[in-house]
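Report on one structure; see the data block that follows.
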There are 2 protein chains.
Amino acid sequence: MNMESPPMKLVSQSAGQSRYGALAAALKARIVAGEWPPGSALPAEQTLATEHGVALGTMRQALALLVDEGLVKRIHGRGTFVCSGLTGAPMLRFFRFGDGAGEVPVSRIVSRQVLAAPAAVARALGVGPGDATLRLRRLRSLDDVPRLVEEIWLPLPLCSALQDGDTSAWGDLLYPHLAAACGVHVHRAVDEIGFGQLNAADAKALKLPTGHPSAVVRRQAFDLTGRCVECRTTRGDANAFQYTVFIT
Amino acid sequence: MNMESPPMKLVSQSAGQSRYGALAAALKARIVAGEWPPGSALPAEQTLATEHGVALGTMRQALALLVDEGLVKRIHGRGTFVCSGLTGAPMLRFFRFGDGAGEVPVSRIVSRQVLAAPAAVARALGVGPGDATLRLRRLRSLDDVPRLVEEIWLPLPLCSALQDGDTSAWGDLLYPHLAAACGVHVHRAVDEIGFGQLNAADAKALKLPTGHPSAVVRRQAFDLTGRCVECRTTRGDANAFQYTVFIT
DNA sequence: AAGTGGTCTAGACCACTCT
DNA sequence: GAGTGGTCTAGACCACTTG
């Protein structure tokens, strides 16, 4: 008879760290490493608990940490799934244009170029200055009225699948297309809101006078590994800007 | 011998609700009713669990809900405390004025009047239009440079302690003074950000030209019971506006 | 030392989803 | 019905704070 103990994953636990914290970190590492790709299911909590030789409750605490972190999503009766990334984090949530409905604006890529990254862009993307990047300019419209202008920078070996082909087939959301075409899943983003004036080109695109006040949103988007996979600047009419912050 | 079961709080549990959810709601009701005032400690979790005839873990889940809600704060080794309210929710976090340090701006009340609430203010405060309110105008400065102008409306029987007395003794933060003088604890607030232009009076106070672009923050503040206890409009130079949003 | 919350266990049973 | 996560129990022991 084989009395060997079953294979058990050992988790290193640094001093002062709880066991569920260490477990969460270990699971996160396996997710980031791609062992369970975005959208796929993790083993059942009972399986994981047995594998690691801990009680069910302890494993549940570890998984709860990953849920808080936005890394996995648990669905009662179905399983635990690695989050597939943001679909939009829609820029429109910063603005109130007439309608009020939360519809997705129509997107049109008006320019696509491979360029050496300027210093600021390279810093944001975490690449070397002068490294090859893809720069997109995009115009977003509601009811055929242009509302937002965007300048999007993507790191280049990574997103080279977007270099060629018909941009009109991309759809109105960048992130789902980025996931489908490049396998890049946006997991987290940071938007920095500021204020400025439209330059001549942007003003013309938005059919507003040059120098018109504009809200400026600078975004960095990151994937599961913490790598910056997009940096973007969005501009729209400052008078339509409205954003709500909840404080607790 | 007295074999009676100890007094046990009964909690009504509506269908489809977990027991810890019902417990949390019951505890919240007692907090809102003032049974444990802000800053005071709740009974020990073990005591509460026994009182309600549930296991420790269940009571812990209930308390965790209250923590998430920002209603109580747990401190290891000390106890569970009702949150004493926001101290500032500083408006300055929306702006970047030179220094960069997160210091509290010096406040000066420049006007204090009892006024009938205009329609918009009455709606925000949840009082009848024309009800008595206290209107404050406040100027906030950094390094003796005026940076923000504020118009603050307070409901009046509630905040009547602020009607008289020397405003220069209030200190630079409104909420701690509101708590000390009126027993009003601000527990939650909603800030709505927009852009506009300075009118002549505000421009003069900020030493900027009339019509200068300004960031406008409209705030409603609420106490534990969900009652609106303040409505405020803050304006500052739009060019100094900067706010960061994290998306997950 | 006494009292508090934090971690962990080893179970039981329930609610939901899929086949 | 089999498999999943969600709730609940009744303990044990640990870590932190205070007198």
Side-chain angles (χ1 to χ4, degrees), chain A residues 5-6 8-27 31 36 39-84, chain B residues 5-6 8-27 31 36 39-84:
Chain A
S5 54
M8 186 181 299
K9 304 277 197 284
L10 289 184
V11 168
S12 71
Q13 182 176 1
S14 57
Q17 192 185 29
S18 58
R19 197 174 310 189
Y20 69 81
L23 285 169
L27 291 173
I31 291 172
W36 302 295
S40 69
L42 268 61
E45 56 182 15
Q46 185 55 263
T47 308
L48 287 171
T50 309
E51 259 185 24
H52 292 83
V54 299
L56 193 60
T58 304
M59 183 52 73
R60 285 183 61 78
Q61 275 186 286
L63 290 168
L65 281 187
L66 299 185
V67 170
D68 286 347
E69 220 176 318
L71 218 57
V72 304
K73 166 177 47 172
R74 312 197 73 181
I75 305 177
H76 193 168
R78 300 224 306 132
T80 305
F81 302 86
V82 179
C83 286
S84 337
Chain B
S5 52
M8 185 182 298
K9 302 277 198 286
L10 290 183
V11 168
S12 71
Q13 182 176 2
S14 57
Q17 192 186 27
S18 58
R19 196 173 312 188
Y20 69 81
L23 284 169
L27 290 173
I31 291 172
W36 301 296
S40 68
L42 269 60
E45 56 182 16
Q46 185 56 263
T47 308
L48 286 171
T50 309
E51 259 185 23
H52 292 83
V54 298
L56 193 60
T58 304
M59 183 53 72
R60 284 184 63 77
Q61 274 186 286
L63 290 168
L65 281 187
L66 299 185
V67 169
D68 286 347
E69 220 176 317
L71 217 56
V72 303
K73 169 178 42 171
R74 312 197 74 184
I75 304 177
H76 193 170
R78 301 226 304 134
T80 304
F81 301 85
V82 179
C83 286
S84 339

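These numbers come from a predicted model, not from an experiment. The sequence lines fix the lettering, A, B, ..., with proteins before strands; numbering per chain opens at 1.
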Name every donor-acceptor pair, under 3.5 Å, that has one atom in a side chain of residues 66-77 of chain B and the other anywhere in the protein, sequence neighbours excluded.
| unit_1 | atom_1 | unit_2 | atom_2 | d |
| --- | --- | --- | --- | --- |
| B:Glu69 | OE2 | B:Lys28 | NZ | 2.5 |
| B:Arg74 | NE | B:Thr80 | OG1 | 3.2 |
| B:Arg74 | NH1 | B:Glu45 | OE1 | 3.4 |
| B:Arg74 | NH2 | B:Glu45 | OE1 | 2.7 |
| B:Arg74 | NH2 | B:Thr80 | OG1 | 3.4 |

CG on A:Leu56 to CG on A:Leu63, rounded to 0.5 Å: 9.5 Å

Extract from the structure each pairing of a protein N or O with an N or O of nucleotides 15-19 of chain D at less than 3.5 Å, listing the distance.
| unit_1 | atom_1 | unit_2 | atom_2 | d |
| --- | --- | --- | --- | --- |
| D:dA15 | N3 | B:His76 | NE2 | 2.8 |
| D:dT18 | OP1 | B:Arg78 | NH1 | 3.3 |

Reading DNA chain C in the 5' to 3' direction, which nucleotide is the first one with an atom under 4.0 Å from a heavy atom of chain B, and which is the last? C:dG3 to C:dT7

What is the distance from atom CG of A:Leu27 to atom CG of A:Leu42, rounded to the nearest 0.5 Å? 6.5 Å

Contacts of type side chain to side chain contact (heavy atoms under 4.5 Å, CB included), residue B:Ala22, not counting sequence neighbours: B:Val11, B:Gln13, B:Gln17

Mind checking B:Arg19 for me? I need base, sugar-phosphate or nothing, with any heavy atom below 4.0 Å counting as a touch. sugar-phosphate

Under the side chain to side chain contact (heavy atoms under 4.5 Å, CB included) test, which residues partner B:Ser18, sequence neighbours left out? B:Tyr20

To the nearest 0.5 Å, what is the distance between OG1 on B:Thr47 and CE on B:Met59? 10.0 Å

Of all heavy-atom pairs between B:Ala41 and B:Trp36, which one has the smallest distance, and what is that distance? O-CD1, 4.0 Å

Strictly below 4.0 Å, heavy-atom distances to any atom of DNA chain D: list the hits from residues 62-73 of chain B, or just say none. none

With rounding to the nearest 0.5 Å, note down the distance linking CD in A:Gln46 to CD in A:Glu51. 11.0 Å

Ignoring hydrogens, what is the shortest heavy-atom contact between B:Gly39 and B:Ser84? Give both atom names and the distance. CA-OG, 3.8 Å

Do you know which two heavy atoms are closest between B:Ala49 and B:Ala55, and how far apart they sit? CB-O, 4.0 Å

Closest nucleotide of DNA chain C for A:Ser18 versus for B:Gln46: which of these residues is on the 5' side? B:Gln46

